[in-house]
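Here's the structure, in structure tokens; my notes come after.
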Amino acid sequence: MMNIPKIPLGEWINVLVDWITITFANLFILLTNSIEGLLDAIVAILSVGSPIVLIIVLALLVAYTSGWKLGFFSVVSLLLIDNLGYWESSIQTLSIVLVSGLLTILVGIPVGIWCAQQKTVNRIVTPILDFMQTMPAFVYLIPSILFFGIGVVPGIIASFIFAIAPTIRMTNLGIDEVPKDLIEAADAFGSGKSQKLFKIQLPLAMPTIMAGVNQSIMLALSMVVTASLVGAPGLGADVYRAVSQIDVGRGFEAGLSIVFIAIILDRISQNLRNPTYKHIIKPKVVFSILALLIAGTSIVLAIPLGDDASAIQDENSIGAAVGYKIIGIEPGAGIMEQARTTVKEYGLDQWNLIEGSSAAMTTELKKAYNAQKPIIVTGWSPHWKFSSFDLKFLEDPKGTFGGAEDIHTLVRKGLKEDAPGAYTILDQFSWEPKDLEDVMAYITGGMSAEEAAQKWIKENPDRVAEWVDGAQKANGESIDLALVAWDTEIASTNVIGKVLDQNGYDVSLTQVEVGPMYAGISNGSSDAMVGAWLPSTHIEYYNAYKEDLMDLGPNLRGTKNGLVVPQYMEIDSIEDLQK
Ligand code: PBE
């Protein structure tokens with residue numbers, strides 16, 4: 001066993017995904033644009049008029065399908081959502097779920113029918129569905145980002161893959177369960193295949209199929225938080241932001257809104273087939289009214305678009321070229337708060353700051369750069385991206401990104417007494433931007449973070465000697481370092497971790513979101529962190545927790561945050577985005 005080299009499964013998958021990304025690039029662009037267009041249309045339709053319009057329509061629909069009590073509940077819960085300030089997020093979430101649901105129906109029911117008709121197809125599809133449902137949904141996000149960029153589309157696609165199985169399975173099952181004698185009777189009367197399908201099998205299978213659709217919709221809703229990791233907006237993003245900033249109250253509010261939406265969607269989709277008040281008003285009438293409402297709103301919405309004179313001028317602006325998107329990172333990052341302030345201070349009302357992750361941001365940047373397309377990201381230096389790509393910071397005349405800063409080392413209270421050696425090393429840890437950049441370059445070159453740290457330590461014995469000078473050796477005591485998965489912090493934390501390890505400590509690294517990193521040091525569940533960007537980037541976290549931790553001062557000086565674009569773009573200042 002020991003002699004078999006590791007099968008490069010991961011590398012094969014990477015090669016395959018690279019190939020798909022390049023070969024089907026145009027298809028992905030087409031899909032992205034269509035899905036985004038559909039979503040925008042749904043959001044626009046749902047947001048027509050004041051919230052009360054939609055609240056009434058939804059509540060009436062719930063009442064009609066599931067009884068007046070639930071209708072009343074819907075009114076109250078939706079009013080509460082609006083009151084708490086989650087209305088827009090809820091519309092986003094509702095629209096995302098509707099689009100995923102629509103896709104599941106469009107693809108799932110035909111595939112289910114096919115499975116029911118051809119046993120071979122069924123034999124192939126079933127294990128694929130098993131696989132799709134068991135593979136952690138997070139994993140789908142990775143190729144989704146590569147194919148569809150960050151934003152709402154990869155989230156919808158990942159939800160779709162995760163949610164489609166029940167629709168396929170239940171359609172298959174429903175058709176399968178149609179009594180054989182009915183089919184034989186139909187055969188005897190000489191009906192064709194499609195006649196049998198549409199007149200007998202589908203109508204009889206409908207309750208089962210709808211149960212599958214209902215499950216799919218609920219699964220899609222359960223994906224909203226996951227989807228927000230790649231930039232999907234809505235209630236999921238509110239929850240993610242609350243986790244990232246440890247805001248219990250907001251997390252609860254957003255979570256509660258998700259629960260309300262879940263109940264409403266569940267009841268409507270469950271009872272659509274068999275509405276409570278179908279004896280009073282025929283379903284056909286209700287659906288016709290709904291269809292008319294939707295069609296009417298769409299037409300009204302479509303008219304003013306035509307005579308917008310400024311639209312032509314807009315076509316050529318930077319904003320239009322990048323879809324008014326600024327690609328951000330983790331919602332709790334300090335730079336995101338600065339970017340939000342920037343959007344406000346420079347009056348960039350039309351612009352969207354997309355939340356996601358640092359890794360997703362660099363992936364987007366790489367993709368745009370290789371295609372020489374315009375892109376705007378939140379960026380910081382030191383960072384490897386500046387040596388890999390030709391980039392520039394946009395000038396920031398209003399100073400909303402806070403100017404040059406330092407990175408501090410913070411440790412928990414009591415570390416000095418408990419682990420004096422570690423304390424000394426952490427206290428003496430200090431290096432230059434160039435050092436940090438070297439480590440990052442090794443990592444982007446393909447080394448693991450640990451290997452990169454090891455290599456840098458070997459190459460810089462003098463520096464390391466200064467850090468460990470006079471530090472007491474340890475005997476396997478454990479030390480925990482907290483970090484966020486930013487490239488800078490991955491590099492620095494691994495280096496200092498290795499040094500501590502070489503001095504006899506049993507080192508563990510704990511990767512968390514920003515808020516939890518600070519909270520972890522202040523409540524002593526982690527020992528230290530080396531990524532506190534001060535005085536401005538992390539000022540809010542610092543102020544919230546500074547009483548309960550120790551600041552050992554800067555370990556690196558001269559960082560910078562801002563909006564970053566490729567050199568080939570013809571803008572120089574954040575002010576240029578106002579045009
Ligand atoms: N960063 C890197 C972090 C600090 C380290 C600039 C992305 C932030 O914005 O919080």
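Numbering of ligands and ligand atoms starts at 1, following listing order. We're numbering straight along the sequence, starting at 1.
- Arg412 pairs in a salt bridge (charged side-chain N to carboxylate O under 4.0 Å, His left out) with only one of the listed residues (Asp480, Asp418, Asp548), which is Asp418.
- Tyr240 and Pro331 make their closest contact through CE2-CD, 3.3 Å (heavy atoms, listed as atom of the first residue, atom of the second, distance).
- In this structure, Lys398 forms a cation-pi arrangement with Tyr346, its terminal cationic atom sitting closer than 6.0 Å to the ring centre and no more than 45° off the ring axis.
- Counting only residues at least two apart or in different chains, salt bridge (charged side-chain N to carboxylate O under 4.0 Å, His left out) contacts with residues 333-354 comprise Glu337-Arg340, Arg340-Glu355.
- In this structure, Phe138 has no ring pair (Phe, Tyr, Trp, His ring centres under 6.0 Å) partners at least two apart in sequence or on a different chain.
- Around ligand 1 you find Ile329, Ala333, Gly334, Ile335, Trp380, Trp486, Thr488, Glu489, Trp533, Thr537, His538, Asn561, each with a heavy-atom distance below 4.0 Å.
- Under the rule for a salt bridge (Lys or Arg N to Asp or Glu O under 4.0 Å), the partners of Arg557 that lie at least two apart in sequence or sit in another chain are Asp406.
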